*Asks:* 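Sharing a structure, written as structure tokens. Questions coming.
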Amino acid sequence: MTDATSDRLAGATDRTRLDRLRAGLKRRHAKEARFKWYGRLAIAAAVLFLAILLVRIVEQGHTAFYTRTVTVPVYMDPARVDRAYPQGSNFEQLAAEQQLARWGVQDGAAGRASAEMRGLFSSELKFVAADLVAKRPDVIGETVPLAAPLSDDADLYLKGEISKSTPEDQRRLTDRQIAWLERMQAEGVVGAHFNTALFTNGDSTQPELAGVLGAVVGSALMLMVTALIAIPLGVGAAVWLEEFAPKNRLTDIIEVNINNLAAVPSIVYGLLGLALFINWMHLPRASPLVGGLVLALMALPTLVIATRSSLKAVPPSIREAALAMGASRTQTVFSHVLPLAMPGVMTGAIISMAHALGETAPLLLIGMVSFVPGVPHAIDQPVGALPSLIYIWENASERAFHERTAAAIIVLLVFMIIMNAAAIILRRRFERRW
């Protein structure tokens with residue numbers, strides 16, 4: 001073989017090798033581009049599903065943030081209003097009869113027309129009238145305007161949730177009630193306004209009067225108990241395991257069990273709280289104290305894991321430098337390591353609290369599914385919580401509770417967003433400080 005032939009073969013081999021390298025490089029670039037697109041599609045799908053969820057919740061719940069009030073003049077007939085005990089007077093019947101009389105509508109012996117008219121008024125009307133008479137007895141014998149919410153069905157009709165085209169036997173408003181409602185709206189006695197009762201009232205059997213205040217206060221009290229118990233115990237356990245505990249079989253077993261407890265279903269913690277805190281320790285059922293203890297047990301494993309991860313992220317040179325300067329192990333941990341890890345610790349703590357806020361199953365097992373109309377003033381009183389209130393309202397038979405369910409979900413999401421925003425702000429402050 002001549003030298004020229006050898007050179008041609010070597011050149012061909014080099015070109016073939018170069019072509020293979022270029023083809024392999026092209027395939028790697030194509031894989032990288034496909035992987036980037038897979039990631040973008042995954043993010044787009046997640047954002048799409050989240051947007052659909054939020055839009056659906058807002059679409060269903062935004063109507064609960066406004067309501068309608070009817071204002072009717074009522075003559076406080078001295079023969080029918082009890083001055084000594086106004087709460088016993090039938091103001092709803094009085095208002096209904098007088099409204100029909102103003103329109104010239106004759107009521108039958110059975111009182112069916114007045115009963116249908118009463119169905120357009122909320123039961124709040126009698127409380128408003130009784131309170132007025134109790135404060136000003138001189139109104140008896142006078143005609144006074146009384147303002148009260150419409151009934152839930154009347155409110156739903158004006159919001160478009162009940163259609164007039166639906167057969168009469170398939171809706172809770174009769175054709176005559178709808179005609180009267182439209183007439184009152186045309187006369188200007190029905191007005192729409194922001195539903196302040198949703199934020200100032202507790203739970204109620206009447207949808208138009210139901211609010212989330214009791215549940216919000218109950219959730220806040222539970223989170224307070226949870227934070228006071230879980231954060232000191234969780235952070236202390238994590239610091240001991242990561243910085244002081246000897247590496248032996250016992251600590252390995254503890255670490256494995258902490259990781260396993262973080263994956264235990266929340267309903268198991270509810271069963272534990274029912275058996276331990278209620279049946280054995282006899283703590284008040286459905287109270288923020290029991291709810292906070294159960295949620296603290298549930299949040300502890302997550303908090304320990306998050307704190308340990310933050311401590312591991314601190315460079316070993318910080319510990320070595322402090323020890324080299326003569327600091328003790330305790331001084332090194334609490335004066336140098338823990339302050340540097342504090343942003344991550346606080347983020348983990350607030351996220352674990354936000355996760356505890358949204359739990360429902362443990363609260364149902366300790367009795368927070370019961371109807372609690374008032375607002376609690378102590379941690380040992382029966383109380384509701386936002387997750388359990390959402391569960392109760394969604395299972396209610398009245399249709400008006402469904403829009404309030406979505407409104408309560410919006411309140412819960414805002415609560416959690418505020419907590420997560422607080423975590424981000426605190427983290428940034430500590431990062432700037434250290």
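Worth saying up front: this structure is predicted, and the values here are computed from it rather than measured.
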*Asks:* Under 4.5 Å between any side-chain heavy atoms of Lys126 and Asn90, yes or no?
*Replies:* no
*Asks:* Could you tell me whether Arg183 atom CZ has more than 12 heavy atoms of other residues or ligands within 6.0 Å of it?
*Replies:*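 Enclosed.
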*Asks:* Scan side-chain atoms only and decide if Ser123 and Glu92 contain a donor-acceptor pair under the 3.5 Å cut-off.
*Replies:* no
*Asks:* Can a donor-acceptor pair be found, under 3.5 Å and without considering hydrogens, that links the side chain of Ser266 to the backbone of Pro362?
*Replies:* no
*Asks:* Given Glu97 and Arg80, is the salt bridge (charged side-chain N to carboxylate O under 4.0 Å, His left out) satisfied, shown in steps?
*Replies:* CA-CA 12 Å; Glu97 291 177 356; Arg80 302 177 63 177; 2.7 Å; yes
*Asks:* Looking only at heavy atoms, which two atoms of Leu209 and Pro149 are closest? And how far apart?
*Replies:* CD2-CG, 4.2 Å
*Asks:* Looking at every non-hydrogen atom in both residues, tell me the closest pair between Gly234 and Leu303 and how far apart they are.
*Replies:*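 Looks like CA-CD2, 4.1 Å.
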*Asks:* Hey, are Arg102 and Glu187 close enough for a salt bridge, meaning a charged N less than 4.0 Å from a carboxylate O?
*Replies:*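 Salt bridge between Arg102 and Glu187, a charged N being under 4.0 Å from a carboxylate O: no.
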*Asks:* Hey, is the main chain of Val304 close enough, under 3.5 Å, to the side chain of Thr307 for a donor-acceptor pair?
*Replies:*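 No; judged by distance alone, with no hydrogens or angles, the pair does not exist.
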*Asks:* Any non-hydrogen side-chain atom of Leu261 less than 4.5 Å from a side-chain atom of Tyr269?
*Replies:* yes
*Asks:* For Arg40, I'd like to know if atom CZ has over 12 heavy atoms of other residues, nucleotides or ligands within 6.0 Å.
*Replies:* yes
*Asks:* Taking atom CZ of Phe49 as the centre, does the number of heavy atoms from other residues, nucleotides or ligands within less than 6.0 Å exceed 12?
*Replies:*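 No, the 6.0 Å shell around CZ holds no more than 12 heavy atoms from other groups.
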*Asks:* Compare every heavy atom of Ile366 with every heavy atom of Gly291, then report the nearest pair and how far apart it is.
*Replies:*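 Minimum heavy-atom separation between Gly291 and Ile366: CA-CD1, 3.5 Å.
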*Asks:* Is the count of non-hydrogen atoms from other residues, nucleotides or ligands lying under 6.0 Å from Phe244 atom CZ greater than 12?
*Replies:* yes
*Asks:* Taking the side chain from Asp155 and the backbone from Thr67, do they hold a donor-acceptor pair closer than 3.5 Å?
*Replies:*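 No.
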*Asks:* Which atom pair, heavy atoms only, marks the closest approach of Leu241 to Lys247?
*Replies:*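 Heavy-atom minimum between the residues: O-NZ, 3.5 Å.
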*Asks:* Got Phe121 and Val70 here, is their nearest side-chain heavy-atom distance under 4.5 Å?
*Replies:* yes
*Asks:* Considering all heavy atoms of both residues, which atom of Arg319 and which atom of Leu311 are nearest to each other, and what is their separation?
*Replies:*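 Smallest heavy-atom distance, with atoms named: NH2-O, 2.9 Å.
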*Asks:* Sub-3.5 Å donor-acceptor pair from the side chain of Glu208 to the main-chain atoms of Ser122, do we have one?
*Replies:*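 No, because the side chain of Glu208 does not come within donor-acceptor range (under 3.5 Å) of the backbone of Ser122.
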*Asks:* Could you walk me through whether Asp82 and Ser89 pass side chain to side chain donor-acceptor pair (under 3.5 Å), step by step?
*Replies:* CA-CA 6 Å; Asp82 188 352; Ser89 304; 5.9 Å; no
*Asks:* Charged N to carboxylate O under 4.0 angstrom, Lys164 versus Glu182?
*Replies:*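 Salt bridge present between Lys164 and Glu182.
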*Asks:* For Asn201 and Leu213, run side-chain contact (heavy atoms from CB on, under 4.5 Å): C-alpha distance rounded to whole Å, both residues' side-chain angles, the deciding distance at 0.1 Å, then the answer.
*Replies:* CA-CA 6 Å; Asn201 290 356; Leu213 180 60; over 6 Å; no
*Asks:* Do other residues, nucleotides or ligands put more than 12 heavy atoms under 6.0 Å from the NE2 atom of His355?
*Replies:* no
*Asks:* Check the orientation of Phe194 and Phe65. Use parallel for under 30°, tilted for 30 to 60°, and perpendicular for over 60°.
*Replies:*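 Answer is parallel, since the angle falls under 30°.
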*Asks:* Under 3.5 Å, side chain of Gln185 to main-chain N/O of Leu181, donor-acceptor pair present?
*Replies:* no
*Asks:* Using modelled atom types and a 3.5 Å cut-off, is there a donor and acceptor pairing between side-chain atoms of Arg172 and backbone atoms of Asp153?
*Replies:* no
*Asks:* Ignoring hydrogens and geometry, is there a side-chain-to-backbone donor-acceptor pair from His62 to Glu59 under 3.5 Å?
*Replies:*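 Confirmed, His62 side chain pairs with Glu59 backbone.
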*Asks:* Given 3.5 Å as the limit, does a donor-acceptor pair link the side chain of Gln177 with the main chain of Glu116, or not?
*Replies:* yes
*Asks:* Cation-pi check, Arg34 to Trp37: give yes when NZ or CZ is under 6.0 Å from the six-membered ring centre and within 45° of the ring axis, no otherwise.
*Replies:* no
*Asks:* Is any side-chain heavy atom of Asn279 less than 4.5 Å from a side-chain heavy atom of Leu274?
*Replies:* yes
*Asks:* Please answer whether the main-chain N or O of Gly191 pairs with a side-chain N or O of Arg68 as donor and acceptor at a distance below 3.5 Å.
*Replies:*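 Looks like no, no N/O pair under 3.5 Å.
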*Asks:* Let me confirm one number: the NZ-NE2 distance from Lys26 to His29, rounded to the nearest 0.5 Å.
*Replies:*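 It is 11.5 Å, given to the nearest 0.5 Å.
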*Asks:* So does Lys36 have more than 12 non-hydrogen atoms from other groups sitting under 6.0 Å from NZ?
*Replies:*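 Open.
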*Asks:* For Phe277, is the CZ atom crowded, meaning more than 12 foreign heavy atoms sit under 6.0 Å from it?
*Replies:*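 Atom CZ in Phe277 is crowded, with more than 12 foreign heavy atoms closer than 6.0 Å.
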*Asks:* Check this for me, if you would: do Arg308 and Glu242 make a salt bridge, where the nitrogen-to-carboxylate-oxygen distance has to be below 4.0 angstrom?
*Replies:* yes
*Asks:* Please report the shortest heavy-atom distance between Trp103 and Gln99, naming the atom on each side.
*Replies:* CZ2-NE2, 3.1 Å
*Asks:* Assess Lys159 against Tyr66: is NZ or CZ under 6.0 Å from the centre of the six-membered ring, and within 45 degrees of the ring's axis?
*Replies:* yes
